[in-house]
Amino acid sequence: MKTIAEFEVKYCQFLDADGKAVGKLPPFTQDAAELVKMYRLMTLVRTFDTKAINLQRTGKLGTYASCLGHEATHVGAAAAMRSDDVLVPVYREYGAQFWRGVTMTDVLLYWGGDERGNDFKESRQDFAWSVPIGSQMLHAAGAAMAMKIRGETRCALAFIGDGGTSQGAFYEAMNLAGARALPAIFVIVNNKWAISVPIEDQTATATLAQKAIAAGIPGVQVDGNDIFAVRHTVAEAIAAARDGKGPTVIEAVTYRLSDHTTADDATRYRKEHEVKDAWKSEPLLRFRAYLKSTGAWDDAREETLKAECAGLVDAAVEEYLHTPKQSTDAMFDFLFARLPKSTREQRDAARRYASSGAH
Amino acid sequence: MKTIAEFEVKYCQFLDADGKAVGKLPPFTQDAAELVKMYRLMTLVRTFDTKAINLQRTGKLGTYASCLGHEATHVGAAAAMRSDDVLVPVYREYGAQFWRGVTMTDVLLYWGGDERGNDFKESRQDFAWSVPIGSQMLHAAGAAMAMKIRGETRCALAFIGDGGTSQGAFYEAMNLAGARALPAIFVIVNNKWAISVPIEDQTATATLAQKAIAAGIPGVQVDGNDIFAVRHTVAEAIAAARDGKGPTVIEAVTYRLSDHTTADDATRYRKEHEVKDAWKSEPLLRFRAYLKSTGAWDDAREETLKAECAGLVDAAVEEYLHTPKQSTDAMFDFLFARLPKSTREQRDAARRYASSGAH
Amino acid sequence: MAKVTMIEAINRAHAWEMAHDSTVVVLGEDIGINGGVFRATAGLQEKFGTERVQDTPLAEGMIAGMSIGLAAQGLRPIAEIQFMGFIYPAMDQIANHMARMRHRTRGRITLPLVMRMPHGGGIHAPEHHSESLEAMLAHHPGLRVVCPSSPARAYGLLLAAIRDPDPVMFLEPVRLYRLVRQEIADDGQALPLDVCYRLREGNDATIVTWGAMTFETLRAADQLQKDGVSCEVIDLATLSPIDHDTILESVAKTGRLIIVHEAARNCGIGAEIAATVAEHGLYDLQAPIKRVTGYDTPMPLFRLEYDYIPSVARIIDAVRDTLTE
Amino acid sequence: MAKVTMIEAINRAHAWEMAHDSTVVVLGEDIGINGGVFRATAGLQEKFGTERVQDTPLAEGMIAGMSIGLAAQGLRPIAEIQFMGFIYPAMDQIANHMARMRHRTRGRITLPLVMRMPHGGGIHAPEHHSESLEAMLAHHPGLRVVCPSSPARAYGLLLAAIRDPDPVMFLEPVRLYRLVRQEIADDGQALPLDVCYRLREGNDATIVTWGAMTFETLRAADQLQKDGVSCEVIDLATLSPIDHDTILESVAKTGRLIIVHEAARNCGIGAEIAATVAEHGLYDLQAPIKRVTGYDTPMPLFRLEYDYIPSVARIIDAVRDTLTE
Ligand SMILES: Cc1ncc(C[n+]2csc(CCOP(=O)(O)OP(=O)(O)O)c2C)c(N)n1
Ligand SMILES: Cc1ncc(C[n+]2csc(CCOP(=O)(O)OP(=O)(O)O)c2C)c(N)n1
Ligand SMILES: [Mg+2]
Ligand SMILES: [Mg+2]
């Protein structure tokens, strides 16, 4: 039998687990201030994450999805975007969202059971969190289609998890984006687990990047704990998209260092040593080591930053905790632009029973 | 960037468009009686197809989906199966179904608007036609899962169209079959068109076989008008499946020589010369030429066969036309094993109005 | 003024709005060069180009999901689902996103879009091509569900749907596509959503129906009239949210209510109408409410479809039953 | 006899049936080593192996579609959908295949399978985790929809569902999973499907409800009793097809009907019950039928969820309203 088509998947890494450069670094790494900005945000995200888990444990927050270990992937991808691009998150990409102006208070409100968390003050074109796994991929493709129809040079970037790659919507979106050469970037965050299901049980593929081949579009794997690799690869993909060259799939290989959410207990299904090993290649460690090696960072700055982050997080928590509950009208006010009569009647009825339910 | 994974898609063809062997033929081609059986069925299918279109045109059948041009793919795939395997068709794979004992009367009843067409007398484990595009793929995966759980050496074979490969269910099924190494064969019938949408608009991929790479399973492309290539490739895939080696995707490249269905008018959207060209490589032509070249066939036999086929088709049409309409009870009798009271009441009410509706 | 069929009226509503609003885009399977399997979009691609009138790959979930992306970015997509029975792969996008995007983002992201789809049976179509699933959509708050019953209403309601700032599910009764011709001005005049249309005045009984069933219902009303029974026939038109006031008013006048729909009975829209009248119009009722509906079985293959679809005889009997109570 | 919670009862029903019927297999997301996010399947994989208790890839359409394949081949799959809000990607398989496979093949292929899923809100879960979509399923003929309201009924009805020769959608009210403990014999005794369960006898009004809302309803009935109002409380249990006779009988006795459900009102199962009584029990009604339901909005995020879920106060007021009519 003759061979009629050949494909390959490439891998990108710039920093090893110790923060040593492997190969020539991309140009943006020359901008020390920018690197420090990225590092500072990653540190803020981690501080926030720890606090949020704490709030949940003490009954002040609902179920919360931690982003521990994903900071490089999230911040790196967002740092490659322009502010007028469209971000399409899943539910734990706080690093990317903070970079784009979503606030910590927004995140807390959302997981605190308040729709106002979805009403971002910045990047208002970005999509809200998308809990139904896989579905968000199509929003990115559709947004990218709008950009293409209008001849803009913007792009849409969607995140999806390793588990999410089993959903049909994931493939449908890639296929559409490929078929119409849409300016869409799909970042698969392969953190090895979908709740309790390890990636080996999710699919038989050697990589998740190769799933792009099914859509006839490029797929690249990167070290998702290496923020240089993530930012560089996403930037290249975005440049191609703006250039009319169509979509790219990027698999960022990282690890979910936390439980799936605060409602989960990962000790039930995964080995302690696996997690311990994963900590050795986590993203802040290596980035900090690199920055220190270039003289852009030191322990004193680290201490100051930690205090600063703690302060910022505390302020956001205060704001969150002091946000009064919405009135019962909130159930109705945004259902339609023109509220139908029957719904208005229900709104009025609900007022009479405000907080009559169990708690 | 280093390359971390490589893939390729192979192509299989044994007979060229003139029926000349290109390369060494597979062993089953030594069995002249078997080849003649395949050829006879292909001829019957075509005779049937012409008749069915005619019945529709004269108001004696509902919308009908022709299989003109697909005969080698359908018959070739079925000929590689064992009778205790499970076939999962879409809606035009009559060649495969006839091979397995589904009758022409069944097909006519189905397109004639009568559920009894789904009640096959043979191969009763085979699935019925599946109109919701893509959905049937998962039935094959599930059936294959049952075989694996019970440690059987059977397999399930599903067909799907080129258009169907855009549906999420297609990928979900491949991914599941790959992840669990299920004995499933997925035959993509790439007839170049999904109603009016050409394959180039459906996907950016160079082949449909490469979509298998997204599931980490082998994907092969074959000349779907070459029954030797189809049967051989499917047989190899089935052998691997029985052997516990998991699923295979086979893209059979053919052409829809007819309108999509009798409700369609393909002249609206495709060029005459494309269809004319396609006729040159249609499957019966080359198979007949090959058989003649081996002495297994001649014009006299061809004449006899044609008359025979016409007779068989006429008999089936007679049976179909003389099958009385089901009673209104047929709407209810098979809804549940135990018919609930409310449905029984509706059944009784329906009797009172039998045929009171417009016609 | 031209006399047009419903399918032509739908085609013209598209063309009008595309000519007057450059944000309107049309997408779906076979809607481009082929003009749609029923020809609803015939000629649009030629006129407005392949960017604004796009054939999509074959995936309804994808069509719905990308429509969300398009609308969130400020376009006004009109997406065709080829037959209502193929809406299911789109349900996740419709229910979990479309219906609640404005709500969950507190108005930050809104989705002015229309999903059009052929609705119901009666044309001897193949399996899965004759479904009536309006109740499934109506049960999801945040969607408008609309179903016209004449060329003029198809034209006016479709324009209203396209201009509406929220998602509208637009159900087109296949049986009516080419049944009658009617004059329409083609002047871009929309009709109001969220209200019923009174097709016939009457005093003895109220019949509420929509879509293709207006056909059998009006014939039944005609025949009953010959026997001196005067029926008020109400076309629901917007199936969700329902204009209950018009129905309650009519029942207050007639004292009798019959609801006719093609969809299965259990949890259909007929149930909602009956329940609302049993709560807010109970004392007006002089007889039990009757529902004449499809049976609680799948729509049968077509040899039996007219045994499934409510017949004129069934409607007449139901009206008579309520009158003799 | 052990006192168990509902989630334990569900777990035991699985274990019993798997031990006694080797064709039963269990599948879903995180149902293996993790035992399910609510622990409904805890310990089953250890006991019955990784072939009979399988984690699936993350795709609900796939879970439903493969269940069809498994069942068509003679196995009895019990598939878990992690939360009811994630049923949508499975709707195509459920509606277009599961619900009608026996019907369309004239009994040649049958699908003895169960789809289990957590149902409803009230536990401060994240977005999309608190949906009540029973009416969407009930509207599709060919499905049984079941919802238990106590550990014993969960045990007995789940066994019945597994043994039923047709597809059963088994909805588990998350609020009740661990709310009370009840003695169950764990003797493999199934309870009948297709019948209501009378939770409380009464003469003044009939309240029909199901699932978690039995909790508020029984509390409301308790409080009303103190004021001398005696309510009959009926647990619908099988939500489709409905045992209307039991309801009609009760209304014949009490003359008043209140229906309580958490799902949105429009085209909910409450509408079907009300419509049926308005047709077949109209003359028994001494007051308008009342529905106390979730509003026609999406279930809000959790800070407001108990403003959405019908409260004891709302139920009491509704009963009182019908009594003062
Ligand atoms: C359609 C759907 N099914 C199930 C779930 C429940 N669920 C939430 S997260 C999750 C696992 C997701 O894994 P992955 O995609 O790898 O993302 P990660 O959580 O690891 O970031 C599941 C099953 C859901 N949210 N949506
Ligand atoms: C889910 C779904 N969407 C739409 C349709 C309508 N439809 C029937 S056949 C078809 C095209 C199928 O093309 P392909 O998969 O290439 O198969 P072919 O007809 O060419 O054999 C479409 C869109 C359908 N049957 N099911
Ligand atoms: Mg993951
Ligand atoms: Mg095709």
Side-chain angles (χ1 to χ4, degrees), chain B residues 62-65 91 109-115 117-118 128-135 161-169 194-197 201-203 260-261 263-266 268-270 325-328 330-332 335 340 342-343 346-347 349-350 352-359, chain C residues 29-39 42 50 54-62 82-83 85-86 88-89 92 122-129 175 215-216 219 264-266 292-317:
Chain B
T63 303
Y64 169 79
Y91 43 68
L109 280 170
Y110 181 70
W111 293 111
D114 191 319
E115 285 82 1
N118 280 326
W129 291 282
S130 181
V131 167
I133 300 287
S135 58
D162 46 294
T165 66
S166 293
Q167 283 282 12
I195 310 188
S196 71
V197 179
D201 287 354
Q202 200 69 243
T203 186
H260 169 67
T261 64
D264 176 49
D265 174 7
R268 278 201 206 118
Y269 53 79
R270 69 178 181 185
K325 188 177 150 178
Q326 298 177 101
S327 79
T328 56
M331 291 192 280
F332 304 91
L335 190 61
S342 53
T343 322
Q346 293 189 7
R347 179 195 60 195
R352 291 204 301 278
Y353 293 98
S355 294
S356 78
H359 270 100
Chain C
E29 295 158 10
D30 306 292
I31 56 91
I33 185 171
N34 197 37
V37 292
F38 285 104
R39 329 260 328 113
T50 51
Q54 289 202 24
D55 277 333
T56 63
L58 203 176
E60 288 74 14
M62 188 209 73
Q82 203 159 76
F83 287 90
F86 308 135
Y88 294 109
D92 189 36
I123 58 164
H124 282 198
E127 200 174 8
H128 301 284
H129 283 65
R175 259 202 301 154
F215 180 75
E216 274 80 7
R219 277 176 54 190
R265 164 173 309 204
N266 196 28
V292 185
T293 69
Y295 300 110
D296 288 316
T297 71
M299 169 62 114
L301 294 197
F302 70 76
R303 275 181 109 175
L304 286 170
E305 70 177 333
Y306 276 102
D307 289 287
Y308 182 90
I309 297 173
S311 61
V312 175
R314 282 177 67 196
I315 299 169
I316 290 176
D317 284 357

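Side chains included, hydrogens not; waters and symmetry mates left out as well; all remaining heavy atoms used. In what follows, chains carry the letters A, B, and so on, assigned in the order in which the sequence lines appear, proteins first and then strands, with residues in each chain numbered from 1.
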Non-hydrogen atoms of chain B under 4.5 Å away: do they reach the side chain of C:Gln82, the backbone, both or neither? side chain

Can you tell which part of B:Asp162 gets under 4.5 Å to a heavy atom of chain C, answering side chain, backbone, both or neither? neither

Given the options C:Leu304, C:Asp55, C:Ile33, which has more heavy-atom pairs under 4.5 Å with chain B than any of the others? C:Leu304

Residues at least two apart in sequence or cross-chain that pass side chain to side chain donor-acceptor pair (under 3.5 Å) with B:Arg270, listed by chain then number, are B:Tyr255

Looking only at B:Gly113, B:Gly117, B:Ala194, B:Ala266, the option with the highest number of non-hydrogen pairs under 4.5 Å against chain C is B:Gly113

Would you check if the side chain of C:Asp30 reaches a backbone N or O of B:Ser196 as a donor-acceptor pair within less than 3.5 Å? yes

Quick one: which of C:Ala59, C:Ala125, C:Gly61, C:Gly32 has the most heavy-atom pairs under 4.5 Å with chain B, could you say? C:Ala59

Side chain, backbone, both or neither: which part of B:Ile133 has a heavy atom under 4.5 Å from chain C? side chain

Contacting moiety of C:Tyr308, where chain B heavy atoms sit under 4.5 Å: both

Honestly, the part of C:Tyr295 sitting under 4.5 Å from a heavy atom of chain B is both

Relative to chain B, which segment of C:Glu60 carries a heavy atom at a distance below 4.5 Å: side chain, backbone, both, or neither? both

Per-residue contact mode, B:Asp114 against chain C (heavy atom under 4.5 angstrom): both

Okay, B:Ser327 and chain C: the region with an atom under 4.5 Å from a heavy atom over there is backbone

I'd like to know if the side chain of B:Gln346 and the backbone of C:Asp296 have a donor-acceptor N/O pair within less than 3.5 Å. yes

Distance check, rounded to the nearest 0.5 Å: B:Leu109 atom CG versus C:Leu301 atom CG? 10.0 Å

Please name the pair of heavy atoms, one in C:Leu58 and one in B:Gly164, separated by the smallest distance, quoted to 0.1 Å. CD1-N, 4.3 Å

Looking only at heavy atoms, the pair that brings B:Trp111 and C:Pro126 closest together is CZ3-CB, 4.0 Å

Measuring heavy-atom distances to chain C, does B:Tyr64 have an atom under 4.5 Å in its side chain, in its backbone, in both, or in neither? neither

Who among B:Ala169, B:Ala354, B:Gly62, B:Ala350 has the most heavy-atom pairs with chain C under 4.5 Å? B:Ala350

Looking at B:Arg347, B:His260, B:Gln326, which one has more heavy-atom pairs under 4.5 Å with chain C than the rest? B:Gln326

Starting at OG1 of B:Thr343, measure out to CZ of C:Arg265 and round the result to the nearest 0.5 Å. 11.0 Å

Of all heavy-atom pairs between C:Asp307 and B:Tyr353, which one has the smallest distance, and what is that distance? OD1-O, 4.1 Å

Spacing of OG belonging to B:Ser135 relative to NE2 belonging to C:His128, to within rounding of 0.5 Å: 7.5 Å

If you take all heavy atoms of B:Gly112 and C:Arg303, which pair is closest and at what distance? O-CG, 3.3 Å

Interatomic distance, CZ@B:Arg352 vs CZ@C:Arg314, rounded to 0.5 Å, equals 9.5 Å

What part of C:Arg39 gets closer than 4.5 Å to chain B, counting heavy atoms only: side chain, backbone, both or neither? side chain

